[in-house]
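Worksheet: the structure to be examined is printed underneath.
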Number of protein chains: 2
Amino acid sequence: MADITSEGPSEHLGATGHSPVAAADDRPSSLVDLIGYIELFYFAYRDFTCDPDAILAQYGFGRAHHRVLHFVHRIPGLKVAELLDILKITKQSLARVLKQLVDEGFIIQKAGNEDRRERRLYLSAKGARLNDKLTQIQAKRIEGALANLGPGADALARNFLFGMITEKNRPQVETLIKGQRADTSEAAPDCNT
Amino acid sequence: MADITSEGPSEHLGATGHSPVAAADDRPSSLVDLIGYIELFYFAYRDFTCDPDAILAQYGFGRAHHRVLHFVHRIPGLKVAELLDILKITKQSLARVLKQLVDEGFIIQKAGNEDRRERRLYLSAKGARLNDKLTQIQAKRIEGALANLGPGADALARNFLFGMITEKNRPQVETLIKGQRADTSEAAPDCNT
DNA sequence: GACGTTATGTCAGCCATGTTGACTTATTGG
DNA sequence: CCAATAAGTCAACATGGCTGACATAACGTC
């Protein structure tokens, strides 16, 4: 069966027992020591998204609808083009879910004041209610995760996640997080690059 | 246009300027203060997965193939049933990608010694090489994210992600992360529950 | 040895959400 | 008037979830 099982140096993850997944020491770590993150990130994101998914399914919606609701709530009056820049999907993909949300009265479109070609997006009261439900359940999970980690965990967790974002995209996300309209001109067009 | 724009109390995120996305203080935060996490998590995971996606595309593979490679590498001799318990997808979904990986020689199947119905899964040298490439690129991103966050960040980030996982699933993930075979009997079957 | 259970594989089809390419419509601004 | 822009739309395709039904081989028990 050959040497299928092991490649690379030892993959001990340095658990000392008092902490579920990580030790408190900071030995210089080889890259393979970081494998656990790949799994943690995968499982964490999966569970993080499954709560809203369950609610959305009751409305006949999916994850894509959630994203639209979320960012429209975050930046009321968002233009379609801006939303495309944030989500980095094609307008055809967006149109499919946006049309549903508009048709069913969760999102309201209004022509721009200065440029009437623009369709400014707003949540209806109905849309805001649904988005609130989704936000609440996700916020509770985050709160729970932070609760057991001493002070300073909040800042550190945010900065860790921020650091996971491709450098080129960080300015866009940074302004977005402040609830501002992002200048997306420098952000990565495809994946990394 | 009614009051579409604002619901809930003020959504300031407490950025003080010296840190890109988070302040160092620990005021009691309302749930809406955690909205930034929803975005950070979304963007971070998107960028985290896009690096491997680009490599996988060169092989005609997708994200689903990556997961199989990853966990088979992690637990050589993994049974199909165990993999299904980890990924929580149907065997039909798994079969589609697993068949490709086996047919193209990235994964080797071997009947179990005691129970010859079992198909034990192993990476071939070719599979190990591909998986290594994927691990390397993701590990580098993680390393970069941790690099700017003083000592203790590693343990804290791991514990934060761990805390984001649904409680019922944590024992499974914990043993998985130690590179052991997980007892999945208690894990959440669907989403949360 | 027959039989029920288990592990795995497979066929067929559906859904959600991403993609590309081509084209229309309304509006803007020079 | 006309080119450029914002948005919408149609058609077709890929990936990766899902369900239901059924096949095969091996195990274990009576």
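The chains referred to below are lettered A, B, ... by the order of the sequence lines, with proteins before strands, and numbering in each begins at 1. In what follows, every heavy atom counts, from backbone to side chain, and hydrogens, waters and symmetry copies are set aside.
For B:Asp103, the CG atom sits in a packed shell: over 12 heavy atoms of surrounding residues, nucleotides or ligands are nearer than 6.0 Å.
Protein atom CG of B:Leu69 is 12 Å distant from nucleotide atom P of D:dG16, rounded to whole Å. As a whole-Å value, the separation of A:Glu82 CD from D:dT5 P is 17 Å. Residue A:Leu101 contributes atom CG, which lies 13 Å from atom P of C:dA16 at whole-angstrom precision. The CZ-P distance, from A:Arg120 to D:dG8, rounds to 13 Å in whole Å. If you measure from atom CG of B:Leu98 to atom P of D:dT15, you get 17 Å, rounded to the nearest angstrom. As a whole-Å value, the separation of A:Leu56 CG from C:dC15 C1' is 15 Å. Between B:Asp115 atom CG and D:dA26 atom P there is a gap of 10 Å when expressed in whole angstrom units. For B:Lys110 and C:dT8, the NZ to P distance is 14 Å, given to the nearest whole Å.
Looking at heavy-atom distances under 4.0 Å, A:Gln109 makes contact with sugar-phosphate atoms alone, never a base. Within 4.0 Å of A:Lys79, counting heavy atoms only, lie sugar-phosphate atoms of the nucleic acid but no base atom. Within the nucleic acid shown, A:Arg67 comes within 4.0 Å of sugar-phosphate atoms alone, with no base atom in reach, counting heavy atoms only. Residue B:Gln100 is classed as having no contact, given no heavy-atom separation below 4.0 Å to the nucleic acid.
At a cut-off of 3.5 angstrom, the base of C:dG9 holds no donor-acceptor pair with the side chain of B:Arg96. Looking at A:Arg117, its side chain comes within 3.5 Å of the base of D:dT5 through a donor and an acceptor atom. In the interface, the side chain of A:Gln92 is paired with the base of C:dG21 through a donor and an acceptor atom under 3.5 Å apart. If you check distances only, the side chain of B:Arg63 never reaches the base of C:dG18 with a donor-acceptor pair under 3.5 Å. The base of D:dG8 does not come close enough to the side chain of A:Lys99 for any donor and acceptor atom to sit less than 3.5 Å apart.
Under 4.0 angstrom from either OP1 or OP2 of C:dT27 there lies at least one side-chain N or O belonging to A:Arg116. Considering only side-chain N and O atoms, A:His65 lies nowhere under 4.0 angstrom from the phosphate OP1 or OP2 of C:dA16. Dashed line: the shortest gap from a side-chain N or O of B:Thr90 to OP1 or OP2 of D:dC18 is under 4.0 Å. Listed pair B:Ser93 / D:dG16 fails the phosphate criterion, with no side-chain N or O lying under 4.0 Å from OP1 or OP2.
Between B:Leu94 and B:Lys91, it is B:Leu94 whose nearest contact on DNA chain D lies nearer the 5' terminus.
Side-chain N or O atoms of B:Arg120 include none that pairs as donor or acceptor with a backbone N or O of B:Ile108 at under 3.5 Å. Between the side chain of A:Arg63 and the backbone N or O of A:Asp53, no donor-acceptor pair lies under 3.5 Å. Counting only distance, with no hydrogens or angles, the side chain of B:Lys79 and the backbone of B:Gly112 share no donor-acceptor pair below 3.5 Å.
Applying side-chain hydrogen bond (donor to acceptor under 3.5 Å, both in side chains) to A:Asp51 and the options A:Gln136, A:Gln138, A:Lys140, A:Arg141 leaves one that passes, A:Arg141.
In the set D:dG8, C:dT8, D:dG16, the nucleotide with an atom closest to the side chain of A:Arg119 is D:dG8.
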Review point. Yes or no on side chain to side chain contact (heavy atoms under 4.5 Å, CB included) for B:Ile142 and A:Phe41, after CA distance, side-chain angles and deciding distance?
Key: CA-CA 10 Å; B:Ile142 295 159; A:Phe41 221 147; 5.8 Å; no
